[in-house]
Amino acid sequence: MFNFRTLEDLGDVRGKNVIVATNFDVPIENEEVLETYRVKAAVPTIKNLIERGARVILVSHLGRPNGPEDNMSLMPVRFELGKHLNMHIKFAHLQNCRNSIIFMEDGEVLLLENMRFYKEELSKDEGERQNLIKELASLAYGFVNDAFASYRPSASTYDLALAVENRAAGTLMVKEVEKLTQLREAPVKPYVAVIGGAKLDTKIDILRSLVGKADTILIGGAMAYTFMKASGCPVGNSKIDEDMLQTAKEILEKAKQEKTEILLPVDHICTAEFKADAERVEVDSQNIPDGLIGMDIGERTLANYSQIIQSAKTILWNGPMGVFEWKGFERGTEAIGEYIGLSASEDAYKIAGGGDTIVAMEKLKINMKNFAHVSTGGGAMLAFLAGEELPVLQPLIK
Ligand code: 3PG
């Protein structure tokens with residue numbers, strides 16, 4: 001178990017500059033934050049510090065920009081966060097933040113612009129990374145990492161932590177690690193994992209680690225078609241990941257040996273064209289005929305999956321079951337989210353997480369309160385559950 005330094009361990013923070021690493025890597029459209037969960041999740045740590053009179057400086061990345069790019073500015077997050085904290089948030093660029101920091105008042109919050117606007121943020125060269133944060137570190141009394149979802153070591157999540165003497169894990173970080181450790185170390189059986197989404201390559205490690213640990217893995221989303229093809233089932237014109245076919249076969253094979261049941265969809269909602277208003281075609285067989293593209297799981301699949309979910313004592317959900325962004329193809333994802341939240345036994349330990357899962361839960365109004373925890377981590381959650389060491393956690397341990 002991780003024995004983190006906590007916010008209380010920072011001692012008296014009144015009048016002191018405390019940097020908080022957050023993950024505000026959220027989808028933005030027309031200057032509006034589309035997924036507010038990650039922003040809201042940062043609030044408890046910030047509130048704790050401002051109520052204690054600290055001057056809070058927030059650092060985060062957004063997307064994968066090549067230098068400064070207007071559409072990856074954190075400005076919309078500044079206003080979204082301001083709504084949740086009910087206060088004005090100051091804003092500055094790392095390059096010229098010195099005066100903004102020096103003239104902060106107790107209990108104020110300053111958000112720094114996207115740290116990935118500087119290529120040094122993710123540089124492999126330790127000296128370059130340290131140079132980037134040197135001045136900021138010299139102005140700080142404390143550093144808090146609350147950015148569980150930012151698991152790649154970077155200047156602002158790793159080097160900054162090492163450069164500041166008083167450091168701690170934020171409230172969200174502690175909660176994420178605690179809830180996910182329970183799932184990783186001691187899942188109560190039967191353990192059911194519902195894994196979906198489009199990018200199979202990002203799910204390979206977690207699938208491998210679930211084989212032998214979970215009793216059943218229910219597969220949905222576009223990755224299901226790669227698994228179907230790997231098991232010899234026709235998929236029509238569905239998108240599949242050719243490079244992953246062999247890996248998918250190996251996972252299916254290993255699951256048989258380890259007695260983890262992997263279930264694939266047995267019926268589908270399809271279309272002839274991949275577009276939002278395409279006509280829905282119900283295909284009542286596992287095989288998808290030529291000319292059709294799989295877009296969502298069908299009713300019989302839902303019935304099978306819901307039965308298994310109902311008897312589970314531990315449930316992990318990561319990834320949508322279909323193209324939930326388009327009206328005709330959201331039912332699979334919505335129903336699975338509802339089954340897990342409402343039909344599964346009340347004492348079941350239910351964890352959901354991942355960027356697209358959170359977007360789907362917000363859009364489809366799936367009640368997060370019915371889950372033991374909804375992780376802000378996408379890659380981070382999967383890596384942690386797969387047993388990877390996360391170097392950004394090390395500086396936060398007592
Ligand atoms: C995420 O959204 O999973 C994190 O922000 C990580 O983003 P990255 O894959 O660009 O490092």
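None of these values were measured; they are calculated from a predicted model. Every number for a ligand or one of its atoms is a count from 1 in the order of the listing.
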TODO: Tell me which protein heavy atom sits closest to atom 5 (O) of ligand 1, plus the residue, atom name and distance to 0.1 Å.
DONE: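 Looking at atom 5 (O) of ligand 1, the protein heavy atom closest to it is Asp25 OD2, 2.6 Å.
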- Is any NZ, NE, NH1 or NH2 atom of the basic residue among Lys398 and Asp9 found under 4.0 Å from an Asp or Glu carboxylate oxygen of the other?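 Salt bridge present between Lys398 and Asp9.
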>> Salt bridge check, Glu35 against Lys363: does any charged N sit closer than 4.0 Å to a carboxylate O?
In response: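 No, this pair does not count.
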* To do: Using heavy-atom distances, let me know which of Arg38, Arg152, Met381, Arg64 sits nearest atom 3 (O) of ligand 1.
  =>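 Nearest option to atom 3 (O) of ligand 1, by heavy atoms: Arg38.
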Restricting to heavy atoms, the pick from Gly379, Ser60, Pro27, Ala149 nearest atom 6 (C) of ligand 1 would be Ala149
Does the side chain of Gln130 come within less than 4.5 Å of Lys134's, by heavy atoms?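 Of all side-chain heavy-atom pairs linking Gln130 with Lys134, none is under 4.5 Å.
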Sorted by chain and number, sequence neighbours left out, side-chain contact (heavy atoms from CB on, under 4.5 Å) with Pro234 holds for Asn287
Quiz item: Looking at ligand 1, does Ser150 have a heavy atom less than 4.0 Å from it?
Solution: no
### Residue His61 vicinity, atoms of ligand 1 by number, heavy atom under 4.0 Å
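Near His61, the atoms of ligand 1 are 5 (O), 7 (O).
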One finds that the ligand 1 atoms under 4.0 Å from a non-hydrogen atom of Arg116 are 8 (P), 10 (O), 11 (O)
- Query: Hey, does the Lys NZ or Arg CZ of Lys239 hover above the aromatic six-ring of Phe274, less than 6.0 Å from the centre and inside 45° of the axis?
  - Reply: yes
